[in-house]
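Here is the structure we will look at.
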Amino acid sequence: MTSASPILLWLRRDLRLHDAPALADACASGRPVIPVFIRDALTDGLGAAPKWRLGRGLEVFSHLLEAKDSRLILRSGPPQEALQALAEETGATDVYWTRAYDPASVERDTGVKAGLKDAGIGARSFAGALLFEPWEVQTKDGGPYRVYSPFWKAVKGREVAPPCAAPKRIAAPKAWPESERLTDWAMGAEMRRGAAVLARHVEVGEAAARGRFERFLDERLESYKADRDAPAADGTSGMSAFLATGEIGPRTLWHGAMRAWHEGNAGAETYLKELVWREFAWHLAWHTPRILDRNWREEWDAFSWSEDEDRPEVLAWKQGRTGIPLVDAGMRELQVTGTMHNRVRMIVASYLTKHLMTHWRIGQRWFEEHLVDWDPASNAMGWQWVAGSGPDAAPYFRIFNPETQREKFDPKERYLHRWIAEGQGSPPETALAYYEAIPKGWNLSPGDAYPEPVVSLPDGRARALAAYEERRS
DNA sequence: TATCGATTAGG
DNA sequence: CTAATCGAT
C-alpha cells in the first residue's frame, strides 16, 4: 500500500479525534491522511467571539494532530479551489468531511462535492455532527416536526450510533504540503481588548471537553434537574462551546448520559432532553431554514417590533445597564466569559423583545457577535422561541418577569453579586473584569451609579401586551 | 422552559 | 395572614 493516494480530511466543525466518523474512515483505509482547514468566506464572516474561539480550537487541535505525528494544513480561499490545489500538490484522490446542516454550508458543500467529482476527485461526506440526520426523523405524515415534545418522544427510544474510537495512528503522506500560519489569520483581531479577558474563562480542546464531561457525569448529573436552572450554580455541563467547534461530539454525550440513565441517575433524562433541544434546532434549520433570519410564524411580521438599533435602551441592553439587575448580570457575563447561563439568555431575550419592544434579530446578532458557543440553529430557535414568533409557541404571550425569575433562581443574589460591581465595597474579579472587556468608548467604570430601569417592568409589560393585542386584531 | 390575580387551604 | 392552587391570557 506504499503507493496508496492520500485522503484529504476537510475539517470544519469537527476538531476532534474521538467520535469522528470521517476521520475514522479515512484512517481505517490505511491510506495517508492530510487534515486541512480552509479559511473561506463563512469563516471570515463569523462574529468576533466565535471567530476567536475557532482560532483557539484550531491551535489546540493542530497540537493534538502533531502528537499523532500528523499535521493540520491551513489554506485560505474558496474551498473548491483550495481542495483541488491540494489534491494536485499531494496526489490525493479523495476528500472526506463531516456534514454541516446550515443553509450556507449546505450550498457550499453541495457545490464542492459536484465540482470535485467533475474534477475526478472522490468526495464523501459523513454524519457525526448530530445524533440523527434531520431527514431521518419524520412525523407519521412524513413531514418534519414543529413541536418539541413529539420530537423528543420520537427520538428518545432510538438507537444512536455509538461514538467511534480515536484512530490509533494517522498515516502521514510522504511529503506534507505547505501550510499557512494560524497567527497570520489573526482570528482574534476583532475581539480587541476582550480577547485577554475571554481567554481567562474559556477552556479549549478535546481533552478539556472530555475531562469536563466526565466530571459532569460523576459530580453534577445527579442534581442536574434542580441545579441547571440556577445561574450561580456550576450545574450545567458546559459543553456548548465544545459542541460548536466539534471538540466533542453529540454521540459521546448521548451515550454517556444514556449509560447514567440506565444506572438510575436522576438527572440523566433531563440532560438528554437538553441535547435533543440542540438536535431539534438543527432539525428546524434544515427543514425550515427561514428560521435563521425571518419570523418562523409569518403572522409575527405584523408585530410592531423596533428594528432601530440606535435607541439608547438598546445600547443599555448591550452594555448591561438596563437597570434590571438580572438582565444586566447576564449581559455582563456575556462580555466577560463569551457565554451566558441558559435561563438568563431567555430572560435577557424576553426583556429585549418584550419590555424594550426590539426585534429579536437585533439580539440574535449581538449573541452571534459575542457568544463563544454560537450555534446558528440554537441561537435562532432560542430567540424566536422567546419572541413568540418561533415553533413550539405557547398559546399565550409569554413575558418573563426578571424580578420573579431572580427570586426563583437566584434567591441569594449570588449571580448578581458575581457580575454587578456597582454598590459593592469590594466587587469580585468577575464583576471588575467586565470593565476590562468592554470597549473603551463606553466610558464606564465600577464607581458609576447603578442605573434606574430604562423601561420599568410594569410599563414594559403593559406596552408589549398592548402591541400583542394590536397584532391580533 | 410564564405571569398575574383570584380563590382556597391551612395555621 | 401566608402559601398553594387554579384559570385566563
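Order of the sequence lines fixes the chain letters, A, B, ..., with proteins taken first and strands second; residue numbering starts at 1 for each chain. All of these numbers come straight from a predicted model, not from anything done at the bench.
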Hey, can you tell me if A:His370 and A:Trp366 have their rings parallel, tilted or perpendicular (30° and 60° cut-offs)? tilted
Could you tell me the separation between the [atom1] atom of [X] and the [atom2] atom of [N], rounded to a whole number of Å?
X: A:Arg398; N: C:dA8; atom1: CZ; atom2: C1'; result: 15 Å
X: A:Phe400; N: B:dA2; atom1: CZ; atom2: P; result: 6 Å
X: A:Gln405; N: B:dT3; atom1: CD; atom2: C1'; result: 10 Å
X: A:Lys354; N: B:dA2; atom1: NZ; atom2: C1'; result: 10 Å
X: A:Lys408; N: C:dA4; atom1: NZ; atom2: C1'; result: 13 Å
X: A:His355; N: B:dT3; atom1: NE2; atom2: P; result: 9 Å

Could you list the residues that satisfy salt bridge (charged side-chain N to carboxylate O under 4.0 Å, His left out) with A:Glu407, not counting sequence neighbours? none
What's the shortest heavy-atom distance between A:Phe242 and A:Ala209, and which atoms? CG-CB, 3.4 Å
If the condition is side chain to side chain donor-acceptor pair (under 3.5 Å), which residues does A:Thr339 pass it with, not counting sequence neighbours? A:Thr337
Sorted by number, the residues of residues 465-473 of chain A with heavy-atom contact under 4.0 Å to DNA chain B: none
Review item, nucleotides 4-8 of chain B N/O atoms under 3.5 Å of protein N/O:
| unit_1 | atom_1 | unit_2 | atom_2 | d |
| --- | --- | --- | --- | --- |
| B:dC4 | OP1 | A:Asn401 | ND2 | 3.1 |

Show me the donor-acceptor pairs, under 3.5 Å and distance only, between side chains in residues 46-60 of chain A and residues at least two apart or in other chains.
| unit_1 | atom_1 | unit_2 | atom_2 | d |
| --- | --- | --- | --- | --- |
| A:Lys51 | NZ | A:Asp44 | O | 2.8 |
| A:Lys51 | NZ | A:Glu190 | OE1 | 3.3 |
| A:Lys51 | NZ | A:Glu190 | OE2 | 2.9 |
| A:Arg53 | NH1 | A:Glu247 | OE2 | 3.0 |
| A:Arg53 | NH2 | A:Glu203 | O | 3.4 |
| A:Arg53 | NH2 | A:Glu247 | OE1 | 2.7 |
| A:Arg56 | NH1 | A:Glu59 | OE1 | 3.0 |

Can you tell whether the side chains of A:Glu436 and A:Arg193 come within less than 4.0 Å, N to carboxylate O? no
Would you kindly check whether a donor in the side chain of A:Tyr396 faces an acceptor in the base of C:dA8, or vice versa, at under 3.5 angstrom? no
Ring-face cation contact, A:Phe397 with A:Lys354, 6.0 Å cut, 45° max: yes
Taking side chain to side chain contact (heavy atoms under 4.5 Å, CB included) as the definition, give me every residue that meets it alongside A:Arg418, ordered by chain and number, with sequence neighbours left out. A:Ala232, A:Arg414, A:Thr430
